[in-house]
Amino acid sequence: MPNFFLVVIIVLSFMFYLFYKVQYVRSRRPMERKWLSAKSSMVLGLFVGMFGVNTLLIQQTTTAYIISAIFILYGFASMAAGFKLYRHYQPFARQEAEKMDQL
């Protein structure tokens with residue numbers, strides 16, 4: 001049963017990744033694009049990390065442990081870096097949106 005919830009999280013995070021990448025391509029505002037890229041980096045990191053956790057629970061071999069550890073570390077590092085960029089670019093994207101809406 002826990003694998004079902006992990007699979008749901010994996011699928012949802014991949015769907016959100018695609019959603020943010022489509023928004024990124026459609027956006028013409030530079031700061032908004034960086035902000036959306038940071039959001040997509042966070043959900044891609046969640047996808048990779050949860051994929052590693054799921055692999056860890058399914059396969060019980062030494063190789064699976066090593067690969068899962070790499071996926072988990074890389075995924076959660078990507079989430080942390082994406083969150084840092086998200087917080088950095090959010091005020092600039094908000095200012096950019098306010099300026100564009102005034103025009």
Side-chain angles (χ1 to χ4, degrees):
M1 196 63 164
N3 287 343
F4 174 73
F5 294 115
L6 287 174
V7 171
V8 169
I9 292 171
I10 289 168
V11 170
L12 285 176
S13 64
F14 188 70
M15 289 172 53
F16 273 107
Y17 172 74
L18 292 176
F19 174 74
Y20 288 133
K21 279 303 178 182
V22 168
Q23 281 189 331
Y24 172 84
V25 169
R26 296 180 71 190
S27 176
R28 298 290 177 233
R29 301 174 182 171
M31 286 297 133
E32 184 181 43
R33 286 175 65 100
K34 291 181 181 181
W35 182 59
L36 289 168
S37 179
K39 288 168 78 170
S40 68
S41 176
M42 285 191 304
V43 293
L44 184 62
L46 180 65
F47 170 76
V48 172
M50 288 295 118
F51 190 81
V53 170
N54 193 36
T55 303
L56 184 66
L57 295 176
I58 290 174
Q59 298 176 356
Q60 304 293 323
T61 64
T62 305
T63 306
Y65 288 150
I66 294 169
I67 299 299
S68 295
I70 292 170
F71 274 38
I72 292 167
L73 291 174
Y74 182 76
F76 290 118
S78 179
M79 276 181 55
F83 184 70
K84 186 177 177 181
L85 288 173
Y86 170 82
R87 285 191 7 202
H88 176 75
Y89 288 121
Q90 186 177 19
F92 299 119
R94 185 176 292 137
Q95 288 174 355
E96 183 180 59
E98 289 171 358
K99 284 182 185 178
M100 293 291 192
D101 290 340
Q102 289 176 357
L103 297 179

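For the single chain, residues carry numbers from 1 onward in sequence order.
- With contacts defined as side-chain heavy-atom distances shorter than 4.5 Å, the pair Phe4/Val8 qualifies.
- Listed here is the closest heavy atom pair of Leu36 and Ser27: CD1-CB, 4.2 Å.
- Side-chain contact check for Leu85 versus Ser41: every heavy-atom pair is 4.5 Å or farther apart.
- Taking the side chain as every heavy atom from C-beta outward, Leu57 and Leu6 approach each other to under 4.5 Å.
- Each side chain to side chain donor-acceptor pair (under 3.5 Å) pair with one or both residues in residues 57-69, not counting sequence neighbours, appears once here: Gln60-Tyr65.
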Which side-chain N or O atoms in residues 10-24 pair as donor and acceptor under 3.5 Å with protein atoms at least two apart or in another chain?
residue: Ser13; atom: OG; partner: Ile9; partner atom: O; Å: 3.1
residue: Ser13; atom: OG; partner: Ile10; partner atom: O; Å: 2.9
residue: Tyr24; atom: OH; partner: Arg33; partner atom: NH2; Å: 3.3

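- Ser78 places no side-chain N or O within 3.5 Å of a backbone atom of Tyr74 that could act as its donor or acceptor partner.
- A distance of 13.5 Å separates CZ of Phe76 from CE of Met42, quoted to the nearest 0.5 Å.
- Of all non-hydrogen atoms in Ala38 and Gly82, the two that sit nearest each other are CB-O, 3.6 Å.
- The stretch residues 83-103 participates, sequence neighbours left out, in no side chain to side chain donor-acceptor pair (under 3.5 Å) pair at all.
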